[in-house]
A.B. asks: 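Take this structure first; my questions come after.
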Protein chains: 2
Amino acid sequence: MGVVRKTKSVDLLLDQFKSGSEAISVIELVDRLSSKLNKTTIYRVLNNLEDDGVLHSFLGVNSLKWYAKCSGCSKTKHSDIHPHFQCTVCGKVDCLPVKMTIPEIPTHDVKSIQVLINGACTNCRA
Amino acid sequence: MGVVRKTKSVDLLLDQFKSGSEAISVIELVDRLSSKLNKTTIYRVLNNLEDDGVLHSFLGVNSLKWYAKCSGCSKTKHSDIHPHFQCTVCGKVDCLPVKMTIPEIPTHDVKSIQVLINGACTNCRA
DNA sequence: TTTGTTATTGCAACTGAGTTCTAATAAATT
DNA sequence: AATTTATTAGAACTCAGTTGCAATAACAAA
């Protein structure tokens, strides 16, 4: 599928991801936009934007779904592989600008890899 | 807390993890043991066994919770860090016997790391 | 062995993130 | 302006995981 039409929903959601490499949970997005967009719409548009290679998603702690901007991805190829860092103090999630290489596992045919790192972020570490 | 008493529930659950390095989802465990144990009990005992360093848990695709045996962990120290491999064909999850080093991130204070690899397992790759 | 203490269990009801269905709406094309 | 069809809102639903409480069973002390 993917996004085909320019709609208010798409604009509003893309606005949220304009700045920085910070990820946003769907729960947070629903909360921020609840007066303007329906929950179902948010889930669907995010899904479309991921199909288009505009955003990527992953699971944080408590199995909540998070989204962040992709860089260098397209409808056909998702090449933006990097670790995600979730702060155990404030809960925020960053995309780490660290190059990840997919490891060679002789016994398995590796397709993708997800790395979630936990600890204290820049602001929260004492 | 952790497990203090030897009960039927603990024995039944530990039996499931006797062989191999294969992880088992909670859903699967509830399914296997539903005639013998209550769902709530299963969730609670698994949680205790994790506190004790006997099992470790992680999230697979669809944010389902999985458990697998720990090796070399105790009530106070969880040192068994390794990637988990989930097959996109059959859905099974293996603990990979690969040593993982926690990366140095200058800007963040890293505490733990979770790696989920996707692809085709030994049985499912063509 | 019996009694008392308290961890553990079963059950029912609940929670909440994410999904599904359908009718109404609004892009985009003619 | 009319037509087509993707998109949206809303309500209802799904289901993994949790909570509260009364009943039960492991274990220790007598």
Side-chain angles (χ1 to χ4, degrees), chain A residues 1-16 23-68 75 84 86 91-93 114 116, chain B residues 1-16 23-68 75 84 86 91-93 114 116:
Chain A
M1 312 221 154
V3 175
V4 178
R5 296 180 179 180
K6 268 265 153 62
T7 64
K8 184 190 72 171
S9 312
V10 173
D11 286 342
L12 277 169
L13 276 164
L14 284 180
D15 270 356
Q16 306 294 318
I24 313 175
S25 69
V26 180
I27 298 302
E28 169 72 19
L29 288 168
V30 169
D31 196 55
R32 287 189 198 171
L33 301 173
S34 61
S35 64
K36 293 172 182 167
L37 293 180
N38 184 273
K39 180 174 74 158
T40 313
T41 305
I42 294 175
Y43 276 97
R44 269 187 300 229
V45 171
L46 288 172
N47 191 52
N48 289 345
L49 289 169
E50 185 170 24
D51 282 348
D52 278 6
V54 177
L55 300 178
H56 61 277
S57 74
F58 56 93
L59 299 176
V61 294
N62 305 123
S63 40
L64 290 192
K65 199 166 190 178
W66 293 72
Y67 280 88
K75 228 176 293 271
H84 295 108
Q86 181 153 27
K92 279 187 186 173
V93 179
Q114 296 169 60
L116 183 64
Chain B
M1 311 223 156
V3 175
V4 178
R5 297 181 178 178
K6 268 264 153 61
T7 63
K8 183 189 73 171
S9 310
V10 172
D11 284 343
L12 277 169
L13 276 164
L14 285 180
D15 269 355
Q16 305 296 316
I24 314 177
S25 71
V26 180
I27 298 302
E28 170 71 19
L29 288 168
V30 170
D31 196 52
R32 287 190 199 171
L33 301 172
S34 62
S35 64
K36 293 172 182 167
L37 293 180
N38 184 272
K39 178 175 74 159
T40 312
T41 304
I42 293 174
Y43 276 98
R44 273 187 296 224
V45 172
L46 289 172
N47 191 51
N48 290 344
L49 289 171
E50 184 170 25
D51 282 350
D52 277 6
V54 178
L55 299 178
H56 61 278
S57 74
F58 55 92
L59 300 175
V61 294
N62 305 124
S63 41
L64 290 192
K65 199 166 191 180
W66 292 72
Y67 281 88
K75 229 175 292 273
H84 295 108
Q86 182 155 27
K92 279 188 185 172
V93 179
Q114 296 169 58
L116 183 64

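Lettering of chains follows the sequences in order, A, B, ..., and the numbering in each one begins at 1.
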A.B. asks: Quick check on C:dT8: is either OP1 or OP2 less than 4.0 Å from any side-chain nitrogen or oxygen of B:Thr7?
C.D. replies: no

A.B. asks: Would you mind reading off the distance between B:Arg5 atom CZ and D:dT24 atom P, rounded to a whole angstrom?
C.D. replies: 16 Å

A.B. asks: What's the NZ-P distance between B:Lys36 and C:dG10, to the nearest Å?
C.D. replies: 13 Å

A.B. asks: What's the closest nucleotide to the A:Tyr43 side chain, out of C:dA17, D:dG17, D:dG10?
C.D. replies: C:dA17

A.B. asks: I need the minimum non-hydrogen distance between B:Ile24 and B:Arg32, along with the two atoms involved.
C.D. replies: CD1-NH1, 3.7 Å

A.B. asks: Identify which nucleotide among C:dG10, D:dA16, C:dA28 has an atom closest to any side-chain atom of B:Ile27, counting heavy atoms from C-beta outward.
C.D. replies: D:dA16

A.B. asks: Figure out the CD1/P separation between A:Ile42 and D:dT7, and round it to whole Å.
C.D. replies: 16 Å

A.B. asks: So A:Asp52 and A:Asn48, do their side chains get closer than 4.5 Å, heavy atoms only?
C.D. replies: no

A.B. asks: Decide yes or no on side chain to side chain contact (heavy atoms under 4.5 Å, CB included) for B:Lys8 and B:Leu37, but give the supporting numbers first.
C.D. replies: CA-CA 9 Å; B:Lys8 183 189 73 171; B:Leu37 293 180; 4.2 Å; yes

A.B. asks: From the set C:dA17, D:dA9, D:dT18, return the single nucleotide nearest to any side-chain atom of A:Asn38.
C.D. replies: D:dA9

A.B. asks: So does B:Lys39 reach the base of C:dG10 with its side chain, donor to acceptor, closer than 3.5 Å?
C.D. replies: no

A.B. asks: Which nucleotide, D:dG17, D:dG20, C:dG18, lies nearest any side-chain atom of B:Lys65?
C.D. replies: D:dG17

A.B. asks: For the helix from C:dT1-D:dA30 to C:dT30-D:dA1, figure out the bend between the end axes, five pairs an end, and round to 10 degrees.
C.D. replies: 30°

A.B. asks: Measure from CG on B:Asp11 to C1' on D:dA25 and round the result to the nearest Å.
C.D. replies: 14 Å

A.B. asks: Give the nucleotide from the list D:dT19, C:dA27, D:dA9 with an atom nearest to the side chain of A:Arg44.
C.D. replies: D:dA9

A.B. asks: Name the residue closer to the 5' end of DNA chain D, choosing between B:Leu59 and A:Leu37 according to the nucleotide with the nearest heavy atom.
C.D. replies: A:Leu37

A.B. asks: For A:Gln114 and A:Phe58, indicate whether the former's side chain and the latter's backbone hold a donor-acceptor pair under 3.5 Å.
C.D. replies: no

A.B. asks: Restricting to non-hydrogen atoms, name the atom on B:Val30 and the atom on B:Lys39 that form the minimum distance, rounded to 0.1 Å.
C.D. replies: CG2-CG, 4.2 Å

A.B. asks: Can you tell me the distance, in whole Å, between the CG atom of B:Leu12 and the C1' atom of C:dT8?
C.D. replies: 14 Å

A.B. asks: For the pair A:Glu50 (side chain) and A:His56 (backbone), establish whether a donor and an acceptor sit closer than 3.5 Å, ignoring hydrogens and angles.
C.D. replies: no

A.B. asks: Would you kindly give the CG-to-P distance between B:Asn62 and D:dT14, to the nearest whole Å?
C.D. replies: 18 Å

A.B. asks: Identify which one of B:Leu116, B:Val93, B:Leu29 satisfies the side-chain contact (heavy atoms from CB on, under 4.5 Å) criterion when paired with B:Trp66.
C.D. replies: B:Val93

A.B. asks: From the list C:dC21, D:dT5, C:dT9, which nucleotide is the closest neighbour of the side chain of B:Ser9?
C.D. replies: C:dT9

A.B. asks: Is B:Asn38 reaching over with its side chain to a backbone N or O of B:Thr40, donor-acceptor style, under 3.5 angstrom?
C.D. replies: yes

A.B. asks: Check the distance between C:dT6's P and B:Lys6's NZ and give it to me in whole angstrom.
C.D. replies: 22 Å

A.B. asks: Rounding to an integer number of Å, can you tell me how far B:Asn47 CG sits from D:dT19 C1'?
C.D. replies: 14 Å

A.B. asks: Does A:Thr40 reach a base, just sugar-phosphate, or nothing at all? Heavy atoms under 4.0 Å.
C.D. replies: base

